[in-house]
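The structure appears right after this line, and notes come after that.
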Amino acid sequence: MRILQLTGMTSTHYGAKENYFVEFSRACQQKGAQCVLQFEDLPRSQEYLEDLKNAGVKVVTLNTGANFLMTILKIARLIYTLRPEIIETHFVNRMIRILVPVVARSLGTRKCVAFVRNMPRRRKLFFRQCFNQYDLVFTVSRAVADYITRIGVRHEIVHPHYWGLLGERENSLKLRSRFRKELGIPGDAVVISIIAFDTPFKGLDVLLDAFSRITKNYPEAHLLVIGVEPEKSNLPEMAVTLGVGIDKIHWAGIRDEGWKLLNAADIYTQPSIDSEGLPNAVVEAMAMKLPTVGTRVSGIPEAIIDGKTGILVEPGNAERLADAFENLFKNPSLWKTQGDAGYKRYLDMFDGKVSINKLIGHYF
């Protein structure tokens, strides 16, 4: 048996999604099945490529953002050559997503599976027609599942599916000291952290605005940004415009296992504006026992329970976000109580092995 996973991804680091693909492939290998992973280009992490190889994965590079007609022909040729019994679509564009089931079934594929991570706010009719062609549709949160069934996707094929995390998350004073020293963060600083790439819906501009407000009353505040390459972003310039000192923000760039840098943090934030399903980074923060400030967007409230595991605010509101930070600065006792409660919720809901076993159960 062969499973073709059309990821549509450019893999820049060895992160939670990459780890999930590896462990899922290993589980399939134990069942006698081989996974074939498509990427837009070759993943940058050699460790990731080695782990994929050890899991019996065949890696295929195919740029789905190129000429549309040529891309469909290449995908058809790939399906014809591999003859997969199951095809998954992940981050591929909408035209590829709608045509894959048509092509796959004509070539004998038994099951077509779509993974949906965001709410398609526009072109609702298109996405209803698209997802109804699939045998299974997995969503990263209940909020996304509820939304796509409301726009007309068949309820019986839609399954909320939390991806979860795999491997132990080390919470270490030694790593805290090491990373603070490496990043130039003072030992007595109170560090707000985020893992995000530089795109508008992540709300990084709102975060910078909120951070500029909090530093006026709390000079010990520092911000750790993981996942943004400052030399390729206008965010550092925006921070300067807002009056934030360059010594207050620490740009860690894109890294393998970026979650480890959360050891240097005291608070985590996810100020997403829209389109989020349920960010893995929120779960990473919960696993690291950090109190988390997030927005009431899509699946984020399924992870963060307001007042118990963190604080929820309305999206796009820098003043409210700054108020939430101030609440935690004034009440450091909340860090442990909310962090511990978040960790328990992580164990109960976001165990990666449980997630993979549930997914495997749909296939075998």
Side-chain angles (χ1 to χ4, degrees), residues 171 175-177 179-180 182-198 202-228 230 233 235-236 238-240 242-253 255 258-273 276 279 281-295 297 300 303-304 306 309-339 342:
N171 205 313
L175 288 177
R176 180 181 178 86
S177 176
F179 287 130
R180 286 200 169 204
E182 175 189 331
L183 296 164
I185 302 173
D188 59 351
V190 175
V191 178
I192 301 167
S193 60
I194 183 171
I195 301 176
F197 53 90
D198 187 1
K202 290 293 184 181
L204 287 160
D205 55 341
V206 179
L207 172 58
L208 291 179
D209 189 350
F211 183 70
S212 71
R213 297 165 188 254
I214 201 73
T215 54
K216 292 174 183 176
N217 295 323
Y218 297 92
E220 70 272 28
H222 283 245
L223 179 63
L224 170 59
V225 182
I226 306 160
V228 173
S233 171
L235 291 171
M238 184 183 301
V240 172
L242 288 166
V244 180
I246 59 173
D247 61 328
K248 292 287 187 178
I249 302 182
H250 309 272
W251 306 92
R255 303 194 183 201
W259 62 266
K260 288 185 177 180
L261 275 72
L262 295 180
N263 275 287
D266 301 293
I267 298 165
Y268 185 82
T269 187
Q270 195 72 44
S272 304
I273 304 299
E276 287 278 32
V282 170
V283 183
E284 296 279 16
M286 294 164 66
M288 294 296 289
K289 300 185 179 181
L290 292 177
T292 305
V293 178
T295 47
V297 170
I300 293 177
I304 302 172
D306 191 27
T309 71
I311 301 173
L312 289 172
V313 299
E314 295 307 311
N317 192 321
E319 184 177 357
R320 292 292 174 265
L321 187 61
D323 288 345
F325 293 148
E326 183 170 11
N327 186 19
L328 290 171
F329 274 68
K330 285 181 177 178
N331 301 283
S333 61
L334 291 176
W335 302 357
K336 179 170 173 52
T337 55
Q338 292 188 355

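For this chain, numbers begin at 1 and follow the sequence in order.
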Looking only at heavy atoms, the pair that brings A196 and V228 closest together is O-CG2, 3.5 Å

Minimum heavy-atom separation for A303 to V282, with atom names?
-> CB-CG1, 3.9 Å

Evaluate the side-chain proximity of F325 to L207: yes if any heavy-atom separation is below 4.5 Å, no if none is.
-> yes

Taking atom CD1 of I249 and atom CZ of F211, what is their separation to the nearest 0.5 Å?
-> 5.5 Å

Looking at L261 and A252, what are the two nearest heavy atoms and their distance?
-> CD2-CB, 3.4 Å

For residues L321 and D209, determine if any side-chain heavy atom of one lies less than 4.5 Å from a side-chain heavy atom of the other.
-> no

Would I273 and V297 satisfy side chain to side chain contact (heavy atoms under 4.5 Å, CB included), going step by step from the backbone distance to the final call?
-> CA-CA 7 Å; I273 304 299; V297 170; over 6 Å; no

Compile the donor-acceptor pairs under 3.5 Å between side chains in residues 262-271 and protein atoms, sequence neighbours left out, one pair per line.
residue	atom	partner	partner atom	Å
N263	OD1	S172	N	2.7
N263	ND2	E170	O	3.2
N263	ND2	K260	O	2.9
D266	OD1	R176	NH1	3.4
D266	OD1	R176	NH2	2.8
D266	OD2	R180	NH2	3.0
D266	OD2	V191	N	2.8
Y268	OH	I195	N	3.0
Y268	OH	I195	O	3.3
Y268	OH	Q270	OE1	2.7
T269	OG1	V293	O	3.0

Could you walk me through whether K202 and D198 pass the salt bridge (Lys or Arg N to Asp or Glu O under 4.0 Å) check?
-> CA-CA 7 Å; K202 290 293 184 181; D198 187 1; over 6 Å; no

Could you tell me which residues satisfy side-chain contact (heavy atoms from CB on, under 4.5 Å) with V283, sequence neighbours excluded, listed by chain and number?
-> L165, L278, Y346, F350

Evaluate the side-chain proximity of W251 to L235: yes if any heavy-atom separation is below 4.5 Å, no if none is.
-> yes

Is there a donor-acceptor pair closer than 3.5 Å between any side-chain N or O of W335 and the backbone N or O of L328?
-> yes

Sidechain-backbone polar pair: H222 side chain, A189 backbone, donor-acceptor under 3.5 Å = no

The reported gap from CZ in R213 to CG in L242 (rounded to nearest 0.5 angstrom) is 9.0 Å

For S333, does its backbone N or O pair with a side-chain atom of N331 as donor and acceptor, under 3.5 Å?
-> no

Can you tell if the side chain of D323 reaches within under 4.5 Å of the side chain of V313, non-hydrogen atoms only?
-> no

Given side chains that start at C-beta, do those of T309 and M286 come closer than 4.5 Å, heavy atoms only?
-> no

What's the spacing between S193 OG and I226 CD1 if we round to 0.5 Å?
-> 6.0 Å

Shortest non-hydrogen pair, G184 vs P186, comes out as O-CD, 3.7 Å

Under the side chain to side chain contact (heavy atoms under 4.5 Å, CB included) criterion, do V190 and Y218 qualify, and how do the steps go?
-> CA-CA 9 Å; V190 175; Y218 297 92; over 6 Å; no

dist R320:CZ -> T295:OG1 (nearest 0.5 Å) comes out at 15.0 Å

What is the distance from atom CD of E220 to atom CG of D188, rounded to the nearest 0.5 Å?
-> 8.0 Å

In Å and rounded to the nearest 0.5 Å, what is the CG to CD1 distance from N327 to I311?
-> 4.5 Å

From the options T215, I192, I214, I185, select the one residue that forms a side chain to side chain contact (heavy atoms under 4.5 Å, CB included) with L223.
-> I192

